[in-house]
Undergrad: 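Right, I'll just put the structure down here and ask away after.
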Protein chains: 2
Amino acid sequence: MDEVPGSVGTSASLALRLGQTIFSSASLLFMSLGVPFYSYTSFCFLVTIMGLVIPWSFTLALIDGYSVLVKCPIRRSGMAILVMIIIGDTVLSILTLAGACSTASVADLLMKADAPYCPSKVCSRYQLSATMAFLSWSLSLASSLFNLWLLPHI
Amino acid sequence: MDEVPGSVGTSASLALRLGQTIFSSASLLFMSLGVPFYSYTSFCFLVTIMGLVIPWSFTLALIDGYSVLVKCPIRRSGMAILVMIIIGDTVLSILTLAGACSTASVADLLMKADAPYCPSKVCSRYQLSATMAFLSWSLSLASSLFNLWLLPHI
């Protein structure tokens, strides 16, 4: 079995998972602390998705860390787990992209309206949150592609 | 070489491509005919992306139709073309999803605002356009996955 850098159980994968956890937590914090997000559907959607992405990435980061430390890759436990991880990553990355795009477009609209709905400080918080969600999406897509690449080699 | 239904050069693929062309044309028409789209960034983005998806899907529909008629699959012409088609499909499906999500969230916001920015007839046109873009995205994702499945068999 080949070793694909970035696939589950490698240190590159651990770095990707930690990045996802950090960026999605940052997105959640920028959105939910001190700014009103519950009056806009898109912002509520982003908060929900980030609440799913954080535990998923954190659990897989723990598994990768364990794999790297004891040098016993989870890949050896078979194809079913890898397929489950790939499906989870793909679905979550699609949802993260959807949430990030919705948030970015709504924040843009709120800022450009004739009578702006949000003070510029609040609007920049929304934009920062969308940026973090985009970064989390790109790492999530990378994880999913690396694992997909490993699939035919098992 | 196995025949994967839905991969390039089969009649299932022809059906998928025709579906993409029809849905993305419908999305473009609902958005651009008779409603003001140019004042919102998200709507302009959707129109741009649909302008890319329509020629791409139509060209590949022609190639599939030719392949089915003369029974000479394009797959035999090698891996490079298949990889190019997969990358194009993936990038366009990501962009279509982004455009559809932005349009849907902005249309939702415009409808729910205290002083609605659009009459309900115009708003429903925006929503229909977003729905068609989502349908086009799902078919585009299916095409991309079927072709990706074929890749290790070449």
Side-chain angles (χ1 to χ4, degrees), chain A residues 2 4 37-49 79 83 86-87 90-118 123 126-127 129-130 133-134 137-138 140-142 144-145 147-154, chain B residues 2 4 37-49 79 83 86-87 90-118 123 126-127 129-130 133-134 137-138 140-142 144-145 147-154:
Chain A
D2 297 346
V4 179
F37 71 89
Y38 34 81
S39 37
Y40 300 103
T41 319
S42 315
F43 298 164
C44 294
F45 179 62
L46 186 75
V47 168
T48 314
I49 300 303
M79 204 159 163
V83 170
I86 293 172
I87 292 177
T90 311
V91 170
L92 281 180
S93 78
I94 288 175
L95 290 176
T96 310
L97 178 65
C101 289
S102 309
T103 305
S105 57
V106 168
D108 184 66
L109 188 68
L110 288 179
M111 256 175 112
K112 282 192 183 158
D114 292 337
Y117 280 94
C118 54
C123 263
Y126 293 145
Q127 286 180 322
S129 175
F134 271 116
W137 163 71
S138 57
S140 188
L141 188 72
S144 144
L145 289 179
N147 284 325
L148 196 64
W149 191 254
L150 179 71
L151 198 58
H153 299 132
I154 280 191
Chain B
D2 298 345
V4 178
F37 70 90
Y38 35 81
S39 39
Y40 300 103
T41 319
S42 315
F43 298 164
C44 294
F45 179 61
L46 186 75
V47 167
T48 314
I49 300 304
M79 204 162 164
V83 170
I86 292 172
I87 292 177
T90 311
V91 170
L92 281 181
S93 78
I94 289 175
L95 290 175
T96 310
L97 177 65
C101 288
S102 308
T103 305
S105 56
V106 168
D108 184 66
L109 187 69
L110 289 179
M111 255 176 114
K112 283 192 181 157
D114 293 337
Y117 279 94
C118 54
C123 263
Y126 293 146
Q127 286 179 322
S129 173
F134 271 116
W137 163 71
S138 57
S140 186
L141 188 72
S144 143
L145 289 179
N147 284 325
L148 196 64
W149 191 255
L150 179 71
L151 197 58
H153 298 132
I154 281 190

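A, B, ... follow the sequence lines: proteins, then strands. Residue 1 opens every chain. All figures in this text were calculated on a predicted structure; none of them were measured in a lab.
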Undergrad: Taking heavy atoms only and a threshold strictly under 4.5 Å, list by residue number the residues of residues 90-97 of chain A that touch chain B; give 'none' if the list is empty.
TA: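 Under the 4.5 Å heavy-atom cut-off, A/Ile94, A/Leu97 qualify.
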Undergrad: Which residues pass the ring-ring contact (aromatic ring centres under 6.0 Å, His included) test with A/Tyr126, not counting sequence neighbours?
TA: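 Once residues adjacent in sequence are excluded, the partners of A/Tyr126 under the ring-ring contact (aromatic ring centres under 6.0 Å, His included) criterion are A/Phe43.
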Undergrad: What pair of heavy atoms forms the shortest contact from A/Leu46 to A/Gly99, and how long is it?
TA: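 Taking every non-hydrogen atom into account, CD1-C, 3.6 Å.
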Undergrad: Can you see which heavy atom on A/Leu148 is nearest to which on B/Leu148, and at what distance?
TA: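 Of all heavy-atom pairs spanning A/Leu148 and B/Leu148, the closest is CD2-CD2, 3.3 Å.
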Undergrad: Is there a side-chain contact between A/Trp137 and A/Leu141, using heavy atoms and a 4.5 Å cut-off?
TA: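 Yes, close enough: below the 4.5 Å cut-off.
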Undergrad: Would you find a donor on one side and an acceptor on the other, under 3.5 Å apart, between the side chain of B/Ser144 and the backbone of B/Ser140?
TA: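 No: the side chain of B/Ser144 does not pair with the backbone of B/Ser140.
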Undergrad: What closest approach, in Å, do B/Ala100 and B/Ala133 show between heavy atoms, and which atom pair accounts for it?
TA: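 Minimum heavy-atom separation between B/Ala100 and B/Ala133: CB-CB, 3.7 Å.
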Undergrad: Measuring heavy-atom distances to chain B, does A/Ser42 have an atom under 4.5 Å in its side chain, in its backbone, in both, or in neither?
TA: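 For A/Ser42, the contact with chain B is made by the side chain alone.
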